[in-house]
Asker: 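Pasting a structure below so you can have a look.
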Amino acid sequence: MARLEEYRDIIGPQLLEELEMLAQRLQGKTMLHVNSTAVGGGVAEILNRLVPLCNDLGLKTRWEVIKGGEDFFAVTKKFHNALHGDAQIILPKDYQVYEETVDRNLSEMSLEADVFLIHDLQPAALIKRRSKDSRWMWRCHIDLSHPQKEVWDFLRPYIEKYDACVFSAPQFSQKLTIPQVLIPPSIDPLSDKNRELEESEVSKILDRLNIPTDKPLVTQISRFDRLKDPLGVIEAFQGIRPYFEARLLLVGGSAADDPEGAQVYQEVVERAKGDESILVLSLPPTSHLEINAIQRASTIILQKSLKEGFGLTVTEALWKGKPVIASAVGGISQQIIHKHSGILVHSIEGTTYWIQRLLQKPEFAKKLGENGREHVRNNFLLTRHLRDYLLLFLFAQTREDEFIRL
Amino acid sequence: MPLSWVRAKEPFRFFSRLSLTIITGKKVKNVRELLDEIKQAPDGVIYQHTHRFLQEYQYWIHEPPNDFSIWVSQALKNETLGEKLSAIDTVRYRSLQDLRQALVTTLEKYFKQGGQDREALEGEEFSLLQTVRFSLPTTYQAQDLLEFRDILKKISLSSLYLHVFEARLRPPLGKDDFSHWLEGELEEKGLAKQMAKLNPYTQTLEGLRQEILAMLDRRIAEFHG
C-alpha cells in the first residue's frame, strides 16, 4: 500500500506539510471507520488506501466491518434501493432484522475511539451507543435526495444523533437538523487504475485485448446499464461519419451476475453488429490496469450518462489528461467546466457535434485535457479527501461554523 | 546598508487557509429569493460563493467570477443581470459585509429599474453553501527580506492566497498582509505599494508567486548593487 511520502511528487511538498500539520492537531485521538464490506465497492477501495495514510500521519485509525447474515444484507440492499428512490416493499420484520443485527454488532464490536466515521446505512444505527465525549460522523455515499419516505423515516432519527453528516454533492443531501458537509469522493493516483503507465505497457495491454490503434479511439467506460446510455453513444458516434475516421470503444464490466446488465450488453452488441468501427468489450471487475491503459490510449473519453452519481470514471479520465465529453448530470458538473476542463452535453446531437470538434481541433482537445488534470490534482485526489476528513474531525471537535483557528 | 541589518521586530508568520464546505440545505429559485438570502446569510455563504472559485481553480487565469452571476446567467438566462453581478470586483472590498452590500445594491437596483424575475427549472435551483474557514499556522516565519523571499518559494498556494487576497477582507485594515508587514516592519514602502496592486485575475496563483518573487529579487539586487 502506498505511503504518504509517495504522493509528494504528485501534490507537492506544501500540501504534504499541511496534512502533517493538521494531523498534529489531532495527535492522541483515535479514529474508527465502520462500513459494510472489506472488499469490493468504492467505499472499501477508498478505506483500503485512506486508513494506512491516516496511520502514516500518526493518527491511530482502525477500520471495522459490520457483520450480518444474508437476511441483514438483503434488508440493507432493499433500504439502499429505497433511499435511492427506487420504491421497495418493506416488511415490519425487515426493521427488526436490521435492529437485531446492529445490536449484535454493538455487543461484539470494539467501539473504542474518539472520532467515528460511519459509512452508509448498514452500520448507521451503531450511533445508539455513542458516548458523550466521542464525535460521530455519518458518511453518506449515495444520492439521498428522493428517498422512499418510510425507510427514511426509520433511519432519520439515527442520522440526527450524529454530530454531522457528509455528502458527495449538494444535490444528494436532505434537510436535517445536523450540519451537512460537502466532501466529494476521490481517486488514488497511485492505484493500478490511475498510476502512470509506460507507452510500451499501454501498447502491450491493447494488443492483448485486440484493440487496434490505427484510428483515434473514442471510448466510454461504464457498466452496461441503460442509465449510461450506451445506445445513445453509438448513435452519437455514428453521426460523425462520413466526415471522420475513428473507432468507438464501449467497455463495461462483466455482466454475469447482473441479469439486466447482460440484457443491455446484448442490445449493445446487436446495435453494433456489422459496424467494424465499433468495439464492445466486457472486462472482469478486477481489470484496473486494462482500464487505465484503455483510457490512456483513447483520443476522447465519453460519459454520456442519463443519470449519474459523482461520476468517478470522469475523474479518472480527466486525471489522464484526456478531453472528456460528458452529460451535465449528477456530480459531473462539479468536475467539468464547459469548454474549459471538458465538454458538457445534453443530447446525442450535441455529443456528435463535440466529438467532431475535438477530432478537428486537437490543440483545443489537448488544452481541455491539461486543465482537467489540474482540476483533479487540486480537488479530487485521495490526499484532498484525507485533508477534508481531518478538517471534518476538527470541525466536529470545535463546533464552530464560521472560522476555526488551529 | 547590508540587507541583513534590516530585521523586523515582529516576524512575519505564515499561515495557511483551509476550508470545509457546509451544505446549508437552502435553495433559491429566482432573483427575489436570492436577494433575500444574500441579505441574511452568514458571512461564510457570501465567502463561499465569491471566493471558492479562486481556490478551486488555482491553475486557471479567469474572469472575476461569483457563483451568483453564473447561476443568474445560466439557470435564469438573465445575462444582463449576470453580467452586472460578475462585474462586482471581489478583491476590491474591505470586508465580506461590504461585498454583501455590493451584491444587494446590484440586485435591488435591478428591481428598481423594473427588472423582471423568472424561476429556474426544477433541478436548476441555486443551492446555498457555506465555507468554514480554518487558519493553520505554518512553521515558517521571516524577519528580513531575504528570509521572506526564501519562504515565499516554499509556502502553499492557499497560504499565498490567504495573505495576499483574503487578508484584504479583514477589517479594519482591509489590506494584504505582505504589504502591511513590509511597510510596517521593514519600511519597504515601494514594495508594499506594488504588492497592494496585485490582482488575482490576471494570472494564476503560481504566476502571482513568481511575480512577487521577481519584485523581491529586484529589491534585493538594488541593495546589493
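All values below come from the heavy atoms of this structure, side chains included, with hydrogens, waters and symmetry mates left out. Here is the naming used below: chain letters follow the sequence lines, and residue numbers restart at 1 for every chain.
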Asker: So which part of B:L129 gets closer than 4.5 Å to some heavy atom of chain A, the side chain, the backbone, both or neither?
Answerer: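 When you check distances to chain A, only side chain atoms of B:L129 fall under 4.5 Å.
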Asker: Distance from A:L406 atom CG to B:S135 atom OG, nearest 0.5 Å?
Answerer: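 Those atoms lie 7.5 Å apart.
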Asker: Tell me whether B:K153 at atom NZ has more than 12 heavy atoms from other residues, nucleotides or ligands lying less than 6.0 Å away.
Answerer: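 Atom NZ in B:K153 is packed in, count exceeds 12.
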Asker: Would you mind checking which part of B:E125 comes under 4.5 Å of any heavy atom in chain A, side chain (CB onward), backbone (N, CA, C, O), both or neither?
Answerer: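 B:E125 has no heavy atom closer than 4.5 Å to chain A.
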Asker: Which bit of A:R377 is near chain B, if near means a heavy-atom gap under 4.5 Å: side chain, backbone, both or neither?
Answerer: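 No part of A:R377 comes within 4.5 Å of chain B.
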Asker: Tell me whether A:H84 at atom NE2 has more than 12 heavy atoms from other residues, nucleotides or ligands lying less than 6.0 Å away.
Answerer: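 Yes, the 6.0 Å shell around NE2 holds more than 12 heavy atoms from other groups.
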Asker: Verify the neighbour count for atom CD of B:Q116: are there more than 12 heavy atoms of other residues, nucleotides or ligands below 6.0 Å?
Answerer: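 No.
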Asker: Can you check side-chain contact (heavy atoms from CB on, under 4.5 Å) on B:D43 and A:E402, steps first, answer last?
Answerer: CA-CA 8 Å; B:D43 279 355; A:E402 282 270 355; 3.8 Å; yes
Asker: Do B:I22 and A:F395 touch side chain to side chain, with heavy atoms closer than 4.5 Å?
Answerer: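 A side-chain contact under 4.5 Å exists here.
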Asker: Specify the closest pair of heavy atoms between A:S173 and B:I23, including all atoms of both residues, with the distance to one decimal.
Answerer: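 Shortest heavy-atom contact: OG-CG2, 3.6 Å.
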Asker: Look at atom NZ of B:K26 and say whether more than 12 heavy atoms of other residues, nucleotides or ligands are closer to it than 6.0 Å.
Answerer: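 Count not over threshold, so no.
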Asker: Hey, mind stepping through A:E17 and B:Y140 against side-chain contact (heavy atoms from CB on, under 4.5 Å) and telling me if it holds?
Answerer: CA-CA 11 Å; A:E17 247 172 61; B:Y140 300 117; 3.0 Å; yes
Asker: Is there a side-chain contact (heavy atoms from CB on, under 4.5 Å) between B:S16 and A:M21? Walk through the geometry before answering.
Answerer: CA-CA 10 Å; B:S16 245; A:M21 286 188 291; 5.6 Å; no
Asker: Taking CD in A:Q27 as the centre, count heavy atoms belonging to other residues, nucleotides or ligands within less than 6.0 Å. Is the count above 12?
Answerer: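 Correct, the count exceeds 12.
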Asker: Between B:T24, B:T138, B:V132, which has the largest tally of heavy atom pairs under 4.5 Å with chain A?
Answerer: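 Result: the option with the highest number of such pairs is B:V132.
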Asker: So what's closer than 4.5 Å to chain B heavy atoms on A:A169: side chain, backbone, both or neither?
Answerer: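 Only the backbone of A:A169 comes within 4.5 Å of chain B.
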Asker: Check the surroundings of atom CZ in A:R156: do more than 12 heavy atoms from other residues, nucleotides or ligands lie under 6.0 Å from it?
Answerer: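 Check passes, neighbour count above 12.
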Asker: To the nearest 0.5 Å, what is the distance between CG (A:L390) and CZ (B:F134)?
Answerer: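 One finds 10.0 Å between CG of A:L390 and CZ of B:F134.
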Asker: For the atom pair OG (B:S156) and CD1 (A:I11), what is the distance rounded to the nearest 0.5 Å?
Answerer: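 So the gap between those two atoms works out to 11.0 Å.
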Asker: For A:E20, is the CD atom crowded, meaning more than 12 foreign heavy atoms sit under 6.0 Å from it?
Answerer: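 Atom CD in A:E20 is packed in, count exceeds 12.
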Asker: Among B:L18, B:L136, B:T21, find the residue that satisfies the side-chain contact (heavy atoms from CB on, under 4.5 Å) test when tested with A:L391.
Answerer: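 Result: among B:L18, B:L136, B:T21, B:L18 is the only option passing the side-chain contact (heavy atoms from CB on, under 4.5 Å) with A:L391.
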Asker: What part of B:T131 lies closer than 4.5 angstrom to a heavy atom of chain A: side chain, backbone, both or neither?
Answerer: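 Only the backbone of B:T131 comes within 4.5 Å of chain A.
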Asker: Determine the option with the most heavy-atom pairs under 4.5 angstrom with chain B, choosing from A:Q174, A:R387, A:E18, A:R405.
Answerer: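 The residue among A:Q174, A:R387, A:E18, A:R405 with the greatest pair count is A:E18.
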Asker: Just checking, any donor-acceptor pair under 3.5 angstrom between side chains of A:Q14 and B:S159?
Answerer: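 On atom types as modelled, these side chains do not qualify, holding no pair under 3.5 Å.
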Asker: Rounded to the nearest 0.5 Å, what separates atom CG in B:L20 from atom CG in A:L394?
Answerer: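 Between B:L20 CG and A:L394 CG, I get 9.5 Å after rounding to 0.5 Å.
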Asker: Check whether more than 12 heavy atoms from other residues, nucleotides or ligands sit under 6.0 Å from atom NE2 of A:H338, and answer yes or no.
Answerer: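 Yes, enclosed.
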